[in-house]
S.K.: 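Before I ask anything, let me first share the structure, which is written out below as structure tokens.
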Amino acid sequence: QVQLVESGGGLVQAGGFLRLSCAASLRTFSKYAMGWFRQAQGKERECVTAISWTGGNTYYPDSVKGRFTISRDNPKNTVYLQMSSLKPEDTAVYYCAASRVYVRGGCAPNYDYWGQGTQVTVSS
């Protein structure tokens, strides 16, 4: 059974930073593009970043560009989300997801596997 397990969430003050990790039990992790999504209370889920199979290509929407960095370590089956200059509006549950498809300039239309999410709360 495939599992994606996020960790690293927590409470941080505005302007602070957090590093999220997502460990995947995928035998062919390097063949999956990865994404990070977030869902704030009462809002729709949104994609905040995506990374290609080898890590050579990444995507960030304007809302997080320059503040968030996605990276991956294929031998460790892990993808990371480094978040800095955090704002209260970044408060949400953050999910990682795996897709066989990477879309340049965006997130894949569908993801095959999802993690259970980790809460990030940014206080003002």
Side-chain angles (χ1 to χ4, degrees):
Q1 183 178 356
V2 174
Q3 281 190 313
L4 303 180
V5 180
E6 301 96 337
S7 61
L11 174 64
V12 63
Q13 288 189 329
F17 62 90
L18 280 175
R19 187 194 195 204
L20 306 184
S21 299
C22 172
S25 64
L26 286 162
R27 287 193 300 115
T28 54
F29 179 73
S30 62
K31 295 185 179 180
Y32 284 83
M34 300 297 293
W36 284 94
F37 292 75
R38 68 185 179 188
Q39 187 166 20
Q41 196 168 8
K43 296 188 177 181
E44 292 187 356
R45 185 174 60 195
E46 63 171 330
C47 179
V48 295
T49 183
I51 190 167
S52 60
W53 309 275
T54 62
N57 290 287
T58 56
Y59 160 76
Y60 305 94
D62 288 343
S63 57
V64 305
K65 194 174 294 182
R67 301 189 299 119
F68 288 14
T69 302
I70 188 171
S71 61
R72 65 188 297 161
D73 186 336
N74 283 349
K76 293 185 178 180
N77 278 26
T78 302
V79 63
Y80 304 97
L81 179 61
Q82 180 76 38
M83 305 184 293
S84 61
S85 301
L86 283 163
K87 305 174 182 179
E89 51 263 44
D90 294 318
T91 295
V93 178
Y94 283 72
Y95 302 88
C96 68
S99 172
R100 294 182 182 272
V101 175
Y102 178 74
V103 176
R104 279 186 180 270
C107 292
N110 295 291
Y111 282 80
D112 302 286
Y113 304 104
W114 292 84
Q116 83 290 347
T118 185
Q119 176 71 47
V120 171
T121 303
V122 184
S123 63
S124 58

S.K.: Just jot down the ring-ring contact (aromatic ring centres under 6.0 Å, His included) partners of Tyr111, sequence neighbours excluded, or say none.
M.R.: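 Checked Tyr111 against ring-ring contact (aromatic ring centres under 6.0 Å, His included); matches are Phe37, Trp114.
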S.K.: Decide yes or no on side-chain contact (heavy atoms from CB on, under 4.5 Å) for Thr91 and Gln119, but give the supporting numbers first.
M.R.: CA-CA 8 Å; Thr91 295; Gln119 176 71 47; 4.0 Å; yes
S.K.: Is Asp90 close to Met83 at the side-chain level, that is, under 4.5 Å between some pair of heavy atoms?
M.R.: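 Result no, sub-4.5 Å side-chain heavy-atom pair not found.
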S.K.: Distance check, rounded to the nearest 0.5 Å: Phe68 atom CZ versus Ser63 atom OG?
M.R.: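 Output value for this atom pair is 7.5 Å.
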S.K.: Closest heavy-atom contact between Val2 and Leu26?
M.R.: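 Looking at all heavy atoms of both residues, the shortest contact is CG1-CD2, 3.5 Å.
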S.K.: Counting C-beta onward and ignoring hydrogens, is there a side-chain heavy-atom pair between Asn74 and Trp53 closer than 4.5 Å?
M.R.: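 Not touching, per the 4.5 Å side-chain cut-off.
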S.K.: Are Val120 and Val93 connected, step by step, through hydrophobic side chains (Ile, Leu, Val, Met, Phe, Trp, Tyr) whose heavy atoms are closer than 4.5 Å?
M.R.: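 No, separate clusters.
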S.K.: What's the spacing between Thr49 OG1 and Arg67 CZ if we round to 0.5 Å?
M.R.: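 Thr49 OG1 to Arg67 CZ: 12.0 Å, rounded to 0.5 Å.
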S.K.: Could you measure the distance from the OH atom of Tyr102 to the CG atom of Asn57? Nearest 0.5 Å is fine.
M.R.: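 Interatomic distance, Tyr102 OH to Asn57 CG, rounded to 0.5 Å: 5.0 Å.
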S.K.: For the atom pair CG (Leu81) and CE (Met34), what is the distance rounded to the nearest 0.5 Å?
M.R.: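 Rounded to the nearest 0.5 Å, the CG-CE separation comes to 11.5 Å.
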S.K.: CH2/Trp36 to CD1/Ile51 distance, rounded to the nearest 0.5 angstrom?
M.R.: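 Trp36 atom CH2 to Ile51 atom CD1 measures 11.5 Å (nearest 0.5 Å).
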S.K.: Less than 4.5 Å apart, any side-chain heavy atom of Arg100 and any of Tyr32?
M.R.: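 Yes, at least one pair of side-chain atoms sits under 4.5 Å.
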S.K.: Report the C-alpha distance between Ile70 and Tyr59 in whole Å, list the side-chain angles of each, state the deciding distance to 0.1 Å, and finish with yes or no for side-chain contact (heavy atoms from CB on, under 4.5 Å).
M.R.: CA-CA 9 Å; Ile70 188 171; Tyr59 160 76; over 6 Å; no
S.K.: Starting at NZ of Lys31, measure out to OG of Ser99 and round the result to the nearest 0.5 Å.
M.R.: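 Nearest 0.5 Å value for the NZ-OG distance: 15.0 Å.
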S.K.: Donor-acceptor pairs under 3.5 Å, side chain of residues 5-20 to any protein atom, not counting sequence neighbours: which ones?
M.R.:
residue : atom : partner : partner atom : Å
Glu6    : OE1  : Gln116  : N            : 3.0
Glu6    : OE1  : Gln116  : NE2          : 3.4
Glu6    : OE1  : Gly117  : N            : 2.9
Glu6    : OE2  : Cys96   : N            : 2.9
Glu6    : OE2  : Gly117  : N            : 3.3

S.K.: Please check: side-chain N/O of Asn77 versus main-chain N/O of Ala24, any donor-acceptor pairing under 3.5 Å?
M.R.: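 Present.
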S.K.: Is any side-chain heavy atom of Asp73 less than 4.5 Å from a side-chain heavy atom of Tyr80?
M.R.: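 Yes, close enough: below the 4.5 Å cut-off.
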S.K.: Hey, does Arg72 have a side-chain heavy atom less than 4.5 Å from the side chain of Thr54?
M.R.: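 Contact flag for Thr54/Arg72 side chains = no.
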S.K.: Would a 4.5 Å heavy-atom cut-off, applied to side chains only, mark Thr78 and Phe29 as touching?
M.R.: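 No; the side chains remain at least 4.5 Å from each other.
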